[in-house]
K.L.:
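Okay, here's the structure, questions in a sec.
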Amino acid sequence: MTLYKCKIKTMQYDFNRIEKDWQKYWAENQTFKASNTSTKPKYYVLDMFPYPSGAGLHVGHPLGYIASDIYARYKRHKGFNVLHPQGYDSFGLPAEQYAIQTGQHPAITTETNIKTYRRQLDQIGFSFDWSREVRTSNPEYYKWTQWIFIQLFESYYCNDDNKAKAIEELISIFSSEGNANVNVACDDGIEIFSAEDWNSFSTEKQQEILLKYRLTYLAETEVNWCPALGTVLANDEIVNGVSERGGHTVVRKKMTQWSMRISAYAERLLQGLDTIDWTDALKETQRNWIGKSVGASVTFNVNAHEDTIEVFTTRPDTIFGVSFMTLAPEHELVSKITTPEQKEAVNAYIEKTAKRSERDRMADVKTISGVFTGAFAEHPFTKEPIQIWIGDYVLASYGTGAVMAVPCGDQRDYDFAKHFGIDIPIIFEGVDISEEAFTGKDNVKIANSDFLNGMNYKRATKRAIYELEQLGQGEGKTNYRLRDAVFSRQRYWGEPFPVYYVNGMPQMIAAEHLPIQLPEVEKYLPTEEGEPPLGRAEVWAWDTNLNTVVTNDKVNNETVFPLELNTMPGWAGSSWYFFRYMEEAANRDGVFASKDALDYWENVDLYIGGAEHATGHLLYSRFWVKLLKDRGFVNVDEPFKKLINQGMILGTSAFVYEALFDEKSLNIYLSSNLIDGQNYITSESSKWTELTGIYKSRGLSEEDFSKVTHRLIHCDVSFVNASDELNTEAFKNWRAEYTDAEFIKEENGIFKVKREVEKMSKSKYNVVNPDNIVKDYGADSLRLYEMFLGPLEQYKPWNTAGITGVHNFLKKLWKLYVGENGLKVNTTAPTKDNLKTLHKTIKKVQEDIENFSFNTSVSTFMIAVNELTAQKCTSKAILEPLLILISPYAPHIAEELYSKLGNTGSISTVAFPEFNASHLVESSKNYPISFNGKMRFTLELPMDLSKDDIEKAVMAHEKTIAQLDGRTPKKIIVVPGKIVNIVG
RNA sequence: GCUGAAGUGGUGGAAUUGGUAGACACGUUGGACUUAAAAUCCAAUGUCCAUUAGGACGUACGGGUUCAAGUCCCGUCUUCAGUACCA
């Protein structure tokens with residue numbers, strides 16, 4: 001008896017044992033350790049590294065990792081030296097907020113979370129090279145993040161050569177010829193100075209000026225301040241006017257902040273998109289974000305004032321159509337030029353707009369509002385006076401914060417002009433603008449425009465710019481929407497800046513003294529004075545003699561100086577981590593990655609991650625890579641050659657109907673079919689008696705019955721089975737308030753929940769944990785199932801019900817190799833059918849992997865196993881190559897069976913089977929015979945039959961004769977090897 | 001509004017160059033095995049009509065091109081995502 005049981009056990013597919021064994025084997029043998037020296041071609045497969053959150057992984061997280069792992073394993077089979085690393089983006093807000101609540105140091109929280117992540121990742125069997133792991137919060141890592149910051153500080157952007165250069169070069173230009181002729185990226189409004197001026201400036205003054213040219217600079221900027229989080233947020237961290245994390249309100253506030261001059265790279269970031277293999281959607285998102293528009297800047301003189309107003313326009317050809325100008329209410333000239341008579345109205349308007357949040361302003365697009373300032377500008381050509389208005393449809397943050405209004409050619413200007421009764425001069429030939437503006441620019445000629453008359457858009461634009469240049473009142477200009485990126489955060493858990501302040505001027509700490517480690521603080525909150533958390537640190541001053549961090553009481557502003565209190569944003573560490581992986585951990589001292597390593601791996605060949613990083617991480621990484629390239633530290637222009645966005649796996653939330661009276665829960669719950677299903681409850685149904693009985697026991701009177709309402713509340717998906725039935729006992733035990741819940745079930749005693757697809761989230765109780773799936777079905781089942789769910793890029797709901805399908809497949813696969821009496825595989829010669837099945841599978845799987853169509857490969861494997869089982873195939877010549885095909889997808893079972901076949905070592909680098917088309921050559925074809933395009937029957941005919949012979953064979957067939965029923969076909973289409981279609 | 005993606009059975013999805021629509025799987029139904037259950041195996045399963053044979057309809061909707069359209073063209077609708085008084 002015991003013996004029998006034991007035998008059965010060893011013959012079964014014992015996935016838990018197999019997976020543990022092979023994971024141990026891979027770890028012990030460092031199977032997936034990449035080498036920096038290899039005769040094989042290199043291939044770099046990267047995942048977006050995770051932030052290790054306290055909640056651990058849910059089934060959605062591994063989707064992209066599984067896809068990249070399949071690809072990495074496939075490339076190893078194809079003879080590549082594959083780098084497939086993983087690490088943690090371990091600085092971030094959740095650990096800090098947890099620290100604020102509990103006092104636990106974020107480093108401890110992070111360490112704990114990483115352990116959980118690692119355990120969860122390991123059990124899925126990824127082929128990561130963990131020896132190269134990086135953590136952004138590790139001082140040995142952020143040392144180099146600080147180092148890159150210094151490189152940015154020590155660089156300026158030369159527009160002539162289109163690259164960043166050392167700031168020393170700029171200094172030498174200043175000291176030899178001043179700044180009058182430099183063409184570089186810099187702040188607006190820098191005074192012009194000569195070489196003599198420069199050399200006579202104090203060091204401080206020089207530093208102040210240089211700061212306006214550096215690629216990272218301090219500036220008083222209006223920032224998105226989030227009071228609830230106590231920090232500044234980047235534009236891409238704000239969604240619909242509230243913080244992406246937590247949904248808190250965001251206000252505008254002026255602060256001195258570090259900024260990154262990413263705008264200097266706008267054009268190169270745009271051009272570079274054409275050289276990389278990303279989806280159109282993602283490239284388009286970045287293009288929109290960069291927001292290039294070509295046009296001209298035009299300077300308008302203000303009557304009776306020395307000031308001028310500069311505007312940007314994409315339509316200089318419509319310059320003669322200008323009938324008024326509009327300034328943003330925040331525009332600096334508004335207060336200067338407003339006439340006394342208009343002062344009151346203007347101030348009231350400014351006050352009104354200031355009160356409205358960005359969000360309100362955005363939501364309320366329809367209302368036209370504005371106020372006349374009383375001032376006039378002068379048209380550059382006609383010299384006519386032009387009214388100057390203010391209006392909140394003009395944004396201070398775009399262009400110059402002022403527009404020349406051409407109501408004839410712009411709908412907003414048109415609406416504004418109509419609303420306030422301003423002239424609408426017609427400047428196009430033969431257009432009707434009685435109802436709306438003419439906004440097109442093709443197939444129309446300019447009119448009433450002096451020297452532009454009769455010209456088309458292109459010529460008129462050129463001529464207008466030329467004439468403006470002659471007047472010195474304009475030039476061709478390209479404008480970008482891309483703003484410089486604010487780089488300071490008022491947080492604790494981020495990289496400290498390698499910066500101290502001498503008389504308010506920032507100084508870099510020399511690279512050899514890095515890293516500057518995060519100081520200890522007592523609390524992780526901002527200080528009472530509103531300084532960032534680092535303001536609480538007691539050991540946070542820089543001693544320039546000792547070159548070390550010392551206690552604050554030593555600050556004398558002669559040799560010991562205060563250190564920067566802000567920390568870097570989340571995207572700092574993630575903007576270069578892909579280079580760190582290139583270097584082996586043992587050789588990382590003294591370099592962020594050695595030249596050899598950088599030269600060997602170049603850039604990421606395949607990057608897989610979410611599309612939500614389109615305007616954040618993916619843009620910033622490109623920016624930093626270009627800077628590093630310009631300064632000679634790396635050799636590549638772009639970090640990620642090919643990028644794939646995996647779709648999110650959504651949760652299937654479960655809801656129950658809760659009965660409410662007077663806004664309060666009655667603690668009565670109804671099966672969803674009783675509310676919105678076929679078993680809708682009516683006062684005639686027997687359920688009504690049951691329900692009203694409970695109403696009464698809850699103290700309701702008859703009149704109250706009709707006032708009872710229902711609402712849907714989330715319930716935990718683990719209480720619900722695949723048929724949407726609720727485990728009512730589990731629900732009762734969930735929370736104290738449900739202990740005496742009453743359930744109204746359907747006639748058959750079933751209580752059904754309502755289902756809805758939502759984002760997977762703890763708060764929606766729809767999170768499915770991969771741990772249980774791995775325990776119940778195994779990692780290989782999880783891997784296959786996540787791929788089988790649908791196309792990688794698509795958003796799709798998780799539904800555990802279907803996992804039995806792939807699990808059964810693995811059992812069938814196992815049974816193909818192992819029977820009750822042990823291994824079934826032998827050296828029998830393969831049959832023709834065996835070979836056909838194998839080679840058709842090789843071809844399809846190879847194509848699928850290269851097209852990232854992983855879902856269809858899984859079907860292909862199922863078909864192959866179904867066919868080989870039906871063929872009773874036992875041939876090693878077939879079954880061994882089949883394992884290699886499956887190994888990228890289900891590596892554990894593949895390794896186990898491969899070793900059972902008598903092989904030693906891992907299957908992971910065994911060559912991928914060669915496809916041989918000769919096995920797929922057919923001698924006959926089952927032709928579909930169509931009549932007028934409709935398939936009626938099929939007919940097996942030899943493959944080598946000529947067109948005429950096929951036609952003869954088909955026409956002679958009895959079913960053809962029956963179909964035609966005496967008619968003579970008009971036409972017979974024969975496509976040999978494909979179809980026959982009879983028309984008539 | 002603009003940009004991008006997508007609409008196929010009860011469900012997830014397949015059909016890569018126009019050529020047998022619905023592969024593969026889930027679910028459902030029926031059957032075998034079992035004292036029973038689980039597991040496993042077999043069969044059926046787009047909708048409608050028909051006892052069968054077979055037929056009609058069918059890839060969001062309306063047109064078109066073609067011997068042949070899920071696939072190509074024109075128009076419309078819907079959903080999802082990104083973005084937006086961008087001058």
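Naming convention: chains lettered A, B, ... in sequence-line order (proteins, then strands); numbering from 1 in each chain.
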K.L.:
From the list B/U20, B/U16, B/U40, which nucleotide is the closest neighbour of the side chain of A/Lys925?
P.N.:
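Among B/U20, B/U16, B/U40, the one nearest the side chain of A/Lys925 is B/U20.
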K.L.:
Measure from the side-chain heavy atoms of A/Pro928 and tell me the nearest of B/U20, B/A25, B/A87.
P.N.:
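Of B/U20, B/A25, B/A87, B/U20 is nearest to the side chain of A/Pro928.
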K.L.:
By nearest heavy atom, map A/Met862 and A/Gly933 onto RNA chain B; which one lands nearer the 5' end?
P.N.:
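Whichever sits nearer the 5' end wins; that is A/Met862.
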K.L.:
List the residues meeting side-chain hydrogen bond (donor to acceptor under 3.5 Å, both in side chains) with A/Ser761, not counting sequence neighbours, and say none if there are none.
P.N.:
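Only A/Ser763 meet the side-chain hydrogen bond (donor to acceptor under 3.5 Å, both in side chains) criterion with A/Ser761.
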K.L.:
All N/O contacts under 3.5 Å from nucleotides 52-55 of chain B to the protein, with atom names and distances to one decimal?
P.N.:
residue	atom	partner	partner atom	Å
B/G55	OP1	A/Gln963	NE2	3.3

K.L.:
Using whole Å, report how far CD1 of A/Ile982 lies from C1' of B/G19.
P.N.:
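Nearest whole value for this atom pair: 14 Å.
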K.L.:
Could you list by number each residue of residues 968-979 of chain A showing a heavy-atom separation from RNA chain B of less than 4.0 Å, or answer none if no residue does?
P.N.:
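A/Lys971, A/Ile973, A/Val975, A/Lys978, A/Ile979 - these, ordered by number, are the residues of the stretch whose heavy atoms sit under 4.0 Å from the strand.
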K.L.:
Hey, could you give me each pair passing salt bridge (Lys or Arg N to Asp or Glu O under 4.0 Å) that has a residue in residues 642-654 of chain A? Not counting sequence neighbours.
P.N.:
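Non-adjacent pairs meeting salt bridge (Lys or Arg N to Asp or Glu O under 4.0 Å): A/Asp277-A/Lys642.
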K.L.:
Which nucleotide, in any strand shown, forms a Watson-Crick or G-U wobble pair with B/G7, with both distances under 3.5 Å?
P.N.:
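The answer is B/C77, by the H-bond criterion.
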K.L.:
Where do N or O atoms of nucleotides 8-14 of chain B meet protein N or O atoms at under 3.5 Å, pair by pair?
P.N.:
residue	atom	partner	partner atom	Å
B/G12	O2'	A/Leu789	O	2.5
B/G13	OP1	A/Gln794	NE2	2.4
B/G13	O3'	A/Asn855	ND2	3.4
B/A14	OP1	A/Asn855	ND2	2.9

K.L.:
Of all residues at least two apart in sequence or in a different chain, which pass the side chain to side chain contact (heavy atoms under 4.5 Å, CB included) check with A/Arg287?
P.N.:
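Residues passing side chain to side chain contact (heavy atoms under 4.5 Å, CB included) with A/Arg287: A/Leu270, A/Leu273, A/Asp274, A/Lys283, A/Glu284.
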K.L.:
In this structure, how many angstroms lie between the P atom of B/A5 and the CG atom of A/Asn645, rounded?
P.N.:
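Those two atoms, CG and P, are 13 Å apart.
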K.L.:
Would you check if A/Phe420 and A/Phe324 make a side-chain contact, meaning some heavy-atom pair closer than 4.5 Å?
P.N.:
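Not in contact.
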K.L.:
Could you state the atom-to-atom distance from CG of A/Leu618 to C1' of B/G82 in whole Å?
P.N.:
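So the CG-C1' distance, A/Leu618 to B/G82, works out to 14 Å.
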K.L.:
Applying a 3.5 Å limit to both distances, which nucleotide forms a Watson-Crick or G-U wobble pair with B/G22?
P.N.:
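Per the H-bond distance test, none.
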K.L.:
Would you say that A/Ser263 contacts A/Arg483 through its side chain, given a criterion of any heavy-atom pair below 4.5 Å between the two side chains?
P.N.:
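A/Ser263 vs A/Arg483: side chains apart.
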K.L.:
Find the distance A/Lys292:NZ to B/U3:P and express it as a whole number of Å.
P.N.:
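It works out to 19 Å between those atoms.
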K.L.:
Please check: side-chain N/O of A/Asn855 versus main-chain N/O of A/Leu789, any donor-acceptor pairing under 3.5 Å?
P.N.:
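No; judged by distance alone, with no hydrogens or angles, the pair does not exist.
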K.L.:
Does B/G9 sit syn or anti, given that only angles within 90° of 0 count as syn?
P.N.:
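That one's syn.
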K.L.:
Restricting to side-chain hydrogen bond (donor to acceptor under 3.5 Å, both in side chains), what partner residues turn up for A/Ser653, sequence neighbours left out?
P.N.:
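side-chain hydrogen bond (donor to acceptor under 3.5 Å, both in side chains) list for A/Ser653, sorted by chain: A/Glu758, A/Asn766.
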K.L.:
Does anything in residues 278-288 of chain A reach RNA chain B, meaning a heavy atom under 4.0 Å, and if so which residues?
P.N.:
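Going residue by residue through residues 278-288 of chain A, the ones with a heavy atom under 4.0 Å of RNA chain B turn out to be A/Ala281, A/Glu284, A/Thr285.
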K.L.:
Picking from B/C26, B/A87, B/A25, which would you name as closest to the side chain of A/Leu395?
P.N.:
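Looking only at heavy atoms from C-beta outward on A/Leu395, the closest nucleotide is B/A87.
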K.L.:
Of the nucleotides B/C67, B/C41, B/C26, which has the atom closest to the A/Lys812 side chain?
P.N.:
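Of the options given, the side chain of A/Lys812 lies nearest B/C41.
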K.L.:
So, is A/Asn926 close to the B/U20 phosphate, meaning a side-chain N or O under 4.0 Å from OP1 or OP2?
P.N.:
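Checking A/Asn926 against B/U20: no side-chain N or O falls below 4.0 Å of OP1 or OP2.
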K.L.:
B/C85 pairs with which nucleotide, Watson-Crick or G-U wobble, both distances below 3.5 Å?
P.N.:
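For B/C85, the partner nucleotide comes out as none, under the 3.5 Å rule.
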K.L.:
NZ of A/Lys477 versus C1' of B/A87: gap in Å, rounded?
P.N.:
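The distance from NZ of A/Lys477 to C1' of B/A87 comes to 13 Å, rounded to the nearest Å.
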K.L.:
Quick check: does any side chain N or O of A/Thr960 sit under 3.5 Å from a backbone N or O of A/Val954, one acting as donor and the other as acceptor?
P.N.:
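Yes, A/Thr960 side chain to A/Val954 backbone: donor-acceptor pair under 3.5 Å.
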K.L.:
Roughly how many Å is it from NZ in A/Lys811 to C1' in B/A38, rounded to a whole number?
P.N.:
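Taking atom C1' of B/A38 as the reference, NZ of A/Lys811 is at 11 Å.
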K.L.:
Could you please name the partner base of B/C72, counting Watson-Crick and G-U wobble pairs only when both distances are under 3.5 Å?
P.N.:
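Partner of B/C72: B/G64.
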K.L.:
Restricting to pairs with a member in residues 848-858 of chain A, which pass salt bridge (Lys or Arg N to Asp or Glu O under 4.0 Å), not counting sequence neighbours?
P.N.:
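Residue pairs with at least one partner in residues 848-858 of chain A: A/Lys844-A/Asp848.
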K.L.:
At under 4.0 Å, does any side-chain N or O of A/Lys934 touch on OP1 or OP2 of B/A56?
P.N.:
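For B/A56, OP1/OP2 do not have a side-chain N/O of A/Lys934 under 4.0 Å.
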K.L.:
Looking at the side chain of A/Tyr393, which of B/C85, B/C57, B/C24 is the nearest nucleotide?
P.N.:
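The answer is B/C85.
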K.L.:
Using a heavy-atom cut-off of under 4.0 Å over every strand shown, decide if A/Asp413 touches base, sugar-phosphate, or nothing.
P.N.:
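Here A/Asp413 touches no strand at all.
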K.L.:
Map A/Phe312 and A/Thr804 onto RNA chain B by nearest heavy atom, then report which one ends up closer to the 5' terminus.
P.N.:
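Mapping each residue to its closest nucleotide by heavy atoms, the 5'-most match is A/Thr804.
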K.L.:
Go through B/U83, B/A68, B/U16 for me and flag the one nearest to the A/Arg481 side chain.
P.N.:
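Selected nucleotide (nearest to the side chain): B/U83.
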K.L.:
Between A/Gln286 and A/Leu618, is any pair of side-chain heavy atoms under 4.5 Å apart?
P.N.:
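In short, these two side chains touch, coming nearer than 4.5 Å.
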K.L.:
At 4.0 Å (heavy atoms only), tell me whether A/Asp410 reaches a base, stays on the sugar-phosphate, or touches nothing.
P.N.:
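The answer is nothing, as A/Asp410 stays clear of every strand by at least 4.0 Å.
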K.L.:
Yes or no on ring-ring contact (aromatic ring centres under 6.0 Å, His included) for A/Tyr71 and A/Phe854, after CA distance, side-chain angles and deciding distance?
P.N.:
CA-CA 10 Å; A/Tyr71 205 79; A/Phe854 301 118; 7.2 Å; no
K.L.:
Look through every strand shown and name the nucleotide pairing with B/A14 as Watson-Crick or G-U wobble, where both distances are under 3.5 Å.
P.N.:
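Its partner: none found.
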K.L.:
Using the C1' atom as the reference point in each nucleotide, state the distance between B/U45 and B/G9 in Å, no decimals.
P.N.:
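Their C1' atoms lie roughly 10 Å apart.
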K.L.:
Look at A/Glu867 together with A/Lys840 and state whether they make a salt bridge at an N to O cut-off of under 4.0 Å.
P.N.:
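Answer for the salt bridge query: yes.
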K.L.:
Using purine N1 to pyrimidine N3 plus N6-O4 or O6-N4 for Watson-Crick, or N1-O2 and O6-N3 for G-U wobble, each under 3.5 Å, what pairs with B/A43?
P.N.:
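Base partner found: B/U29.
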K.L.:
Select one nucleotide: of B/C86, B/G27, B/C67, the one nearest the side-chain heavy atoms of A/Val983.
P.N.:
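The answer is B/C67.
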K.L.:
Could you work out, with ring-ring contact (aromatic ring centres under 6.0 Å, His included) as the rule, every residue matching A/Phe15, not counting sequence neighbours?
P.N.:
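For A/Phe15, the residues satisfying ring-ring contact (aromatic ring centres under 6.0 Å, His included) (neighbours in sequence not counted) are A/Tyr13, A/His807.
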K.L.:
Tell me what A/Asn479 touches on the nucleic acid: a base, only sugar-phosphate, or nothing, going by heavy atoms under 4.0 Å.
P.N.:
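Nothing, no nucleic acid heavy atom in range.
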K.L.:
For the pair made of CD in A/Glu951 and P in B/C67, what is the distance, rounded to whole Å?
P.N.:
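Checked: the CD to P distance equals 16 Å.
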K.L.:
Measure from the side-chain heavy atoms of A/Arg412 and tell me the nearest of B/C26, B/C86, B/U20.
P.N.:
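The nucleotide sitting nearest to the side chain is B/C86.
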K.L.:
Could you tell me whether A/Lys843 and A/Glu847 have a side-chain N and a carboxylate O separated by less than 4.0 Å?
P.N.:
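Judged by the 4.0 Å cut-off on N to carboxylate O distance, A/Lys843 and A/Glu847 do form a salt bridge.
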K.L.:
Rounded to the nearest Å, what distance is computed from the NZ atom of residue A/Lys759 to the P atom of nucleotide B/C80?
P.N.:
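Rounded to the whole Å, the gap is 15 Å.
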K.L.:
A/Val403 versus A/Met325: any side-chain heavy-atom pair under 4.5 Å?
P.N.:
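Counting from C-beta outward, A/Val403 and A/Met325 never come under 4.5 Å.
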K.L.:
Once salt bridge (Lys or Arg N to Asp or Glu O under 4.0 Å) is applied, what residue pairs with a partner in residues 402-415 of chain A remain, sequence neighbours excluded?
P.N.:
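Of all non-adjacent pairs touching residues 402-415 of chain A, those that pass salt bridge (Lys or Arg N to Asp or Glu O under 4.0 Å) are A/Asp410-A/Arg412.
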K.L.:
Look through every strand shown and name the nucleotide pairing with B/A37 as Watson-Crick or G-U wobble, where both distances are under 3.5 Å.
P.N.:
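Partner of B/A37: none.
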K.L.:
Provide the full list of salt bridge (Lys or Arg N to Asp or Glu O under 4.0 Å) pairs with a residue in residues 288-298 of chain A, sequence neighbours left out, each pair given once.
P.N.:
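Passing the test, one end in residues 288-298 of chain A: A/Glu267-A/Lys292.
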